[in-house]
Amino acid sequence: MSNKITPLVATGNQTLSSNPDAARAALAAMWAVRLFEEAVDSLFARGLMHGTMHLSIGQEASAIGACAALRESDFITSTHRGHGHCIGKGADLTRMMAELLAKQTGYCRGRGGSMHIADAATGNLGANGIVAGGIPIAAGAALAQKLQNKDNVVMCFFGDGATNEGAFHEAVNLAAIWDLPVVFVCENNKYGMSFSTEKSMKVDNVADRASAYGIPGVTVDGNDLDAVYAAAQEAVDRARRGEGPSIVENITYRWKGHSKSDKNLYRTKEEIEQWKNDDPIEQFQDKLESLGTLSRDEMTALAADVRDKIRIAIQEATTAPDSDPAELLASVFRQVNS
Amino acid sequence: MSNKITPLVATGNQTLSSNPDAARAALAAMWAVRLFEEAVDSLFARGLMHGTMHLSIGQEASAIGACAALRESDFITSTHRGHGHCIGKGADLTRMMAELLAKQTGYCRGRGGSMHIADAATGNLGANGIVAGGIPIAAGAALAQKLQNKDNVVMCFFGDGATNEGAFHEAVNLAAIWDLPVVFVCENNKYGMSFSTEKSMKVDNVADRASAYGIPGVTVDGNDLDAVYAAAQEAVDRARRGEGPSIVENITYRWKGHSKSDKNLYRTKEEIEQWKNDDPIEQFQDKLESLGTLSRDEMTALAADVRDKIRIAIQEATTAPDSDPAELLASVFRQVNS
Amino acid sequence: MTDRLITYSEAIREAIGQAMEADPSVFMMGEDIGVYGGAFGVSGDLYHRFGAERIRDTPISELGIVGAAVGAALVGMKPIVEIQFSDFTAQAMDQIVNQAAKIHFMLGGELSVPMVLRAPLGSGTGAAAQHSQSLEAWFAHVPGLKVVMPATAQDAKGLLLSAIDDPNPVMVLEHKLLYKTSGPVTEAAIRTPIGKSAVVREGKDAVLVATGVMVSRSLEAAEALAEKGIQVTVIDVRTLSPLDMEPIEQAVAATGRVLLVQEAPKHVGFMAEVSARLAESKSIYSLEAPIKRLCGMDIPIPYAPQLERAVVPQIPNIIDAVVELMQEP
Amino acid sequence: MTDRLITYSEAIREAIGQAMEADPSVFMMGEDIGVYGGAFGVSGDLYHRFGAERIRDTPISELGIVGAAVGAALVGMKPIVEIQFSDFTAQAMDQIVNQAAKIHFMLGGELSVPMVLRAPLGSGTGAAAQHSQSLEAWFAHVPGLKVVMPATAQDAKGLLLSAIDDPNPVMVLEHKLLYKTSGPVTEAAIRTPIGKSAVVREGKDAVLVATGVMVSRSLEAAEALAEKGIQVTVIDVRTLSPLDMEPIEQAVAATGRVLLVQEAPKHVGFMAEVSARLAESKSIYSLEAPIKRLCGMDIPIPYAPQLERAVVPQIPNIIDAVVELMQEP
Ligand SMILES: Cc1ncc(C[n+]2csc(CCOP(=O)(O)OP(=O)(O)O)c2C)c(N)n1
Ligand SMILES: Cc1ncc(C[n+]2csc(CCOP(=O)(O)OP(=O)(O)O)c2C)c(N)n1
Ligand SMILES: [Mg+2]
Ligand SMILES: [Mg+2]
C-alpha cells in the first residue's frame, strides 16, 4: 500500500497555475514537503529522531517547480537538503519517514537516513551528503542516456555553496563539451551553511558562471512556482532535444537553520522574517485563487488530505520493524550473481 | 660561481623592445630557455638523461614576457613545463642542469628532476608534476603576502588543460573573493597533452572563464613578447595595488611533443610547421632590428654568449657528484630544531 | 598537573588562541569557523577575538583551502586548516599527499610546509557513511605527514600546540564524540610530544593498545575487567606516524597478551601495523597468545543507531575480547 | 594454457576489446586514451576499433571523470576509467571512496556501481614522487571497493575481465614496469577469479608473499636462492580486497618462515595486514621466525635512478632478507 501524492503534471509552455490538475498536484506536493518537514522537525525536537536534519521549508517551489518539468523516466540527483526533490519525483512518504526513523522499511533500510534517500523506481539516484558530490554523477547518468540513445533528462540539484567545489566545475564542463542532457538546478538560498553568496563569490548570480562553460544560465525567483517551472521546462526541453545542459538558478531561502547545530548567528531575524513573507505556498495559493484556478475550499481540503498522508506516514513508519544488523555484512557488495 | 643570465628588466608602460637593456635581457632569457631545452633534448636522445621531459620550445615569449613584469621579491608557481619560468625568475643554469642530470648539486639534490625544480632564493615556489597543483598554492602564497602586509605579487603559471581541473576553479575563486595579489598566467598551447582546447572547453578562450569569478581576463598573442609583457605588467600592477587577481592567457604552441612518449598523432605536421613560422625569438629579433634597438651582430653575440653558459652548465653539472642515497631517510621531514 | 576541567573542544580552542597570541604567523582557515563558531563549535569565539583575517571563513572548497594553506606555509605563515568532517579530506588528498607531504623532500629541502590540518573523525553521531569515517590509516601511510590522534582534552591541547610548532605538515585527527568530554587541562601552553605513545593504565595480565575514542572505552573496559580479576595495561598510541613502539613492546614483553583496538574498519587499518611491528620484532617470542585486533567491521557506517553501534567496538566487545584473549591458546 | 606470448599492455587491451565486443554497455573514459593511445599505450588502437563515443577522451578532470563513471554505472553502463597515473586518484578520492564504494550499501541495496578503475602505480621510471606512488593500501582499507593487482599478463587480462563482470566498483592497479613485459595469455576471454591468491612457486623452506612487480622480483630471487639451496614458496596475492589468506596460511604452516614483500612504503602498508592476519590466526603457532616485511622505505620516490632504486626492494634485497630469515631466530 503506497502513500504518495498524485504525480506532478507538466503544462508545456502554459503556467502550472493556469491548469487545475497541474496546480492541484504542484500545490499538494509543496504541502507535502512543508508538512513532512514540519513533522520531522517536531519528531526531532521530541527526541524521536536522531542524526541531523537539513530542512527545505521555504524552498518548496524550487524543488516542485523543477520536478514538474520531468518525465517519470527522467532522473534526478539530490542533496543533503533533498526531501523536496524526493517528493517532487514521486517518492513514497511512508518509506521516506521510515528511513528517517531508521526502519527496515525505509528507502535505505535505515542505512542512509535523511541525507541518502534514493529511489530507483522514480529515477531518484540519491541524495548526497557530500556537497557537490551529485554533480559529476548527474553528468555521468546523462552521458549514459546519450550512449544508450535514450531521450531521458537528468536534473541535478545543488546549492549555491556547492558551486565553489571543484566537482561543480569539472562536471559542468564535461556536460557542456559533450552536450549532455542534464539540467543543473542551483537552489540559491543565499548561504552555504553560514557563508553568504556575497562572500563566497564575486559574481552576483550563480548563473553568471554558466558563461565559463559556454552554456545558458538563467536566474529566476525560486519562490515563484510558475517561474521555476518555466525555466526548468525550457532547460529540460533543450536537453531532451540534444542541445546540451543549462544552469537554472532558483533564488530562494531556507526558513530553518542549516541543520540542527545552527544558531543563526550569521543572519538577522529581520532577514528571515522578510523571506517568510515571501512564502512560496502562500504566493501560489493567492495566485490560484485570483486566477480562479482553485477555490480556497479546494485548497484547504487538499492541504488537509496531505496532512493525513503525513500522519499515516508517521504511523506506518513508527510501527515498522527497526533495521536489522544481521544483514549488514552481506550488504556491502552486490552479490556477483544477483 | 653562479651561471645565470642577466636579470630581466621591467619597462613599465613602455615595450621591452623599445628599451635596449630590457630587450637584451629578455632576448638572452628566451635564448637561454631555447638552448637549455635543446641541450636537454639531445642529452635525452643520447641516453644521458632519464625520466621524462616536457619542453617549452616555442613558448619562450610567454614565460619570459610574464616574468619580466615581476620584482625579485615576487613569487612564481610553475608547472611540469617549467624551465622557462625558472629561467625567467633568475635560476642558475648549472643547478638546473645538475638537477636534470640527477646530481647532488641540483636544485632538488636530484630528488625532483625537471618536474620539481624550485628555487627559494629567486621566489620560485616550485614546478609541479600535478596539473593545476600549483594554482591553490599560488593563491595561498598570495594570501600570505596580504596577511604579512607585503606588496609582493605571486605569478601562477598553468596550461590550458589545467583549467579543467577543480583545483583551478577553487583557487581562482578564493583569490577573487579575497582580492589576492596573484596573476594567473595561462599558457594556452592549444593542447592538454593530446586533447585540444576545442574539445576540452566550449568557450573560445580560457580568459572567458574569468567572468565566472568576477575578475579581469585577457587573451594575448603569447608569441609576441611585448604583448605578453604588457598584459602581465598590467595584471601585476593591479594585483600589487591590492585590486585582486586577473587571468592573462598567452596563446602559444609547443613545437615538441608533450613529453617523450608523444607521437604527435593528434596534430598535423602542417599545424606544427605553421606555428614554427611564428617563432617568438625570431619575431622579437626582427622587431628589435627594425626598431633599431639592437643590431643583428649584437643579437648574434648575445646568443653565442648564452650558448656558452649552457655549455658551461652541462660541463659543470656532468662533473658534479651524483646525489647521495645516504641522506634520504633524514630528509623526509625538516628537523624540528632547524 | 592541573585539576581544572575543560572540554576537549575548549582545550583545542585554548591551544589555538595561545598559539595565535604568541605568533602572528599562525592563522586559521575553514568552513564556518567564523561567526558560526565551527560545525562542532570548536573555533567558538576565536573569530571575535582575532577577527576575520586570521580566523578565515572559506567557501566550500576543501582542495582550494588546503592548497592555500600549503602556499601560505611555504612563505612563512603557519596555517591551521579545519576540515569540517575528516571524510572531506577526500576532496583535498592531492594537496595533502602530493603537495604538502612531499614538497620538503622532493624540492630539495629548502622549502617546507609547516601546516596543521585538523579534522574530526569517527562515528556515533548518526551522520551515516559519508560523515563518520576514520581514515587515519591513509595518512599514516604517507611519508612526509605526521599524524596524531588526541584521546584526552590535555593531549588535544598539547598535541595541537606541538603540531603548530612543527615545521612539517601534521594531521590532527580529533574524535567527534570527545569534543564535549571534559578532562584536566594545563592552563599554560603545554606541549605533548609528537611521536610518543602513552601508558595510561598499568596491569600485569594483558595489554590494550588503542587510538581515539577507543582509549576511553578501553579504560572503562579495564575497570570492568579488574572486577573480574583481570589487570590490563592500556596504551594510548597518540601519534600514529612516527609511531613509538617502545612502550607497547615493553608491555607485551611483560604480559604476553595484546589486544589492538581501533574504530576504523579492520582491513589494512592502522592496528595492522602495530601487529606487524610486534610480529617482526623480538616481541613475538614473548607472546602467550595470538596478536588480536578488535576493529570496526569492514562496512560503511550506517545511519540507524543500533546498526551504527553494531559496526564499531563498544565497551562490552572489548571486555569479551580480553576475556577470550586470556583463554588463549 | 596457451603459449602465445603477448605483453601485459596487450593483454589489458585484448580484455577491454573482448568486453566491449561482448557487451555494448562497456565503455572507457580517460585522458588521452583516444588517438594518443594512452599515456602508457595501453588503449592503443581501441579508439580506431570502437570510436570516440566508447573510447572517450576526457579533459584533465579526474574527479569529474570518475564521478561521471559512477553516474553512468548507476543507470546501466559498465564504465572503465583509466587514471593516467595512480597518483592522480588523489584528485578523485571523493567519488571513489565517498560515492562509488558506499552507494550500494548506503542507499539500501537497490542501486549499484559496476565500475572499473584502472590505474598504473609504482616507481622505476624516473618520474619522481608525484608519479610513482603505490597507494593500494588506501583502497584496500575502504569497505565497498574490491582491489586487484595483476602481476602477470595473463592475470592482467583475467582480473580485468572479472572486474568488468563484477557488479561492484573494482580498482585494477597495474604496474608501469610490467606493461612491456610478456607472458603467455589465453586468447579466449578468460576470467581470473577476484579474491584468490595464487601459489606461483613451491618450496619447503620459506614463503615469499608479494604484490605487483615484487612478484617477478621474488621469483627471480627464488631462483637465486635455490642455487644457495634455499627452496622458497612464492605467493602472488593478486586480490588485496577481499583478501584470500588460505594459501598463505597453508604455506606458512608448512615452512614456518615468511617474508612479505611490497613496493609501497612500509608504514601501515598492505603487507601489515597480511602479517596481522597471520599473527591473529593459528598460523602464529607454526612460526619458526618473526614475520618479516621487506617494503619500500617511508620516503617519497626520488628522481635520481640510484636513489629511486635505493628506496624500493630490489632482487638482491629479497635474497638477503630470505637468507637472514633462514638464520632466525
Ligand atoms: C565536501 C563537503 N564539504 C562540506 C560539507 C559540510 N556541509 C554540508 S551542507 C553545507 C552547506 C552547503 O551549502 P549549499 O550548497 O548552498 O546548500 P544548502 O545547505 O544551502 O542547501 C556544508 C558546508 C559537506 N557535506 N561536504
Ligand atoms: C592531475 C593530473 N592529471 C593528469 C596529469 C598528466 N599530465 C601531465 S601534463 C598533462 C597535460 C597538461 O596540459 P596543459 O595544462 O595544457 O599544459 P601543457 O602540457 O600543454 O603545457 C597531463 C594530462 C598530471 N600530471 N596531473
Ligand atoms: Mg545554500
Ligand atoms: Mg596545454
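Computed from a predicted structure; not experimentally measured. Letters A, B, ... mirror the listed sequences (proteins, then strands); counts begin at 1. In what follows, every heavy atom counts, from backbone to side chain, and hydrogens, waters and symmetry copies are set aside.
Heavy atoms of A/Asn152 lying under 4.5 Å from chain D are absent altogether. For a residue to count as touching a neighbouring chain, one of its non-hydrogen atoms must lie under 4.5 Å from one of that chain's; by this rule A/Phe75 touches chain D with the side chain only. Only the backbone of D/Leu145 comes within contact range of chain A, judged by heavy atoms closer than 4.5 Å. For chain A, the nearby parts of D/Glu110 are the backbone and the side chain; heavy atoms of each come within less than 4.5 Å. With a 4.5 angstrom heavy-atom cutoff, A/Glu99 does not touch chain D via any of its atoms. When heavy atoms are compared at a cutoff of 4.5 Å, D/Thr58 approaches chain A by way of both its backbone and its side chain. With a threshold of 4.5 angstrom between heavy atoms, A/Ala120 approaches chain D through its backbone and through its side chain.
Within a 6.0 Å sphere centred on NZ of A/Lys4, heavy atoms belonging to other residues, nucleotides or ligands number more than 12. Other residues, nucleotides and ligands place more than 12 heavy atoms under 6.0 Å from the CD atom of A/Glu243.
Not a single donor-acceptor pair under 3.5 Å links the side chain of A/Arg111 to the backbone N or O of D/Leu107. Under a 3.5 Å cut-off, the side chain of D/Glu53 and the backbone N or O of A/Leu147 do not form any donor-acceptor pair. Between the side chain of D/Asn168 and the main chain of A/Arg334, a donor-acceptor pair closer than 3.5 Å is present. In this structure a side-chain-to-backbone donor-acceptor pair under 3.5 Å is present from A/Gln148 to D/Val75.
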Exercise for review: Would you check, one step at a time, whether the test side chain to side chain contact (heavy atoms under 4.5 Å, CB included) holds for D/Met29 with A/Leu143?
Suggested key: CA-CA 11 Å; D/Met29 280 192 284; A/Leu143 172 60; 3.9 Å; yes
Check your understanding: Between A/Asn128 and D/Gln99, is a side chain to side chain contact (heavy atoms under 4.5 Å, CB included) present by the stated rule, with each step listed?
Key -> CA-CA 9 Å; A/Asn128 209 308; D/Gln99 312 296 341; 2.8 Å; yes
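In this structure the side chain of A/Phe333 never reaches within 4.5 angstrom of the side chain of D/Asp166, judged on heavy atoms. Side-chain atoms of D/Pro59 and A/Ile177, non-hydrogen and from C-beta on, do get closer than 4.5 Å to each other. Contact check for A/Ile130 versus D/Asp94: side-chain heavy atoms found under the 4.5 Å cut-off.
Between A/Lys146 atom NZ and D/Met77 atom CE the span is 12.5 Å, to the nearest 0.5 Å. Here D/Leu74 contributes atom CG and A/Leu125 contributes atom CG; the two are 5.5 Å apart, rounded to the nearest 0.5 Å. For the atom pair CD1 (D/Ile103) and CD1 (A/Ile137), the distance works out to 4.5 Å, reported to the nearest 0.5 Å.
Contacts with chain A were tallied for D/Lys102, D/Gln91, D/Lys146, D/Glu62; D/Lys146 has the most, counting heavy-atom pairs under 4.5 Å. Of all the listed residues (A/Gly113, A/Gly140, A/Gly134, A/Gly112), the one sharing the greatest number of non-hydrogen pairs under 4.5 Å with chain D is A/Gly140. Ranked by non-hydrogen atom pairs under 4.5 Å with chain D, the options A/Cys108, A/Ala138, A/Ala121 are led by A/Cys108. In terms of non-hydrogen atom pairs under 4.5 Å with chain A, the most contact-rich of D/Ala72, D/Ala73, D/Ala69, D/Pro24 is D/Ala72.
Residues D/Gly144 and A/Val332 share a closest heavy-atom pair of N-CG1, 3.5 Å. Annotation for A/Pro136 and D/Gly64: closest pair CB-O, 4.0 Å, computed over non-hydrogen atoms.
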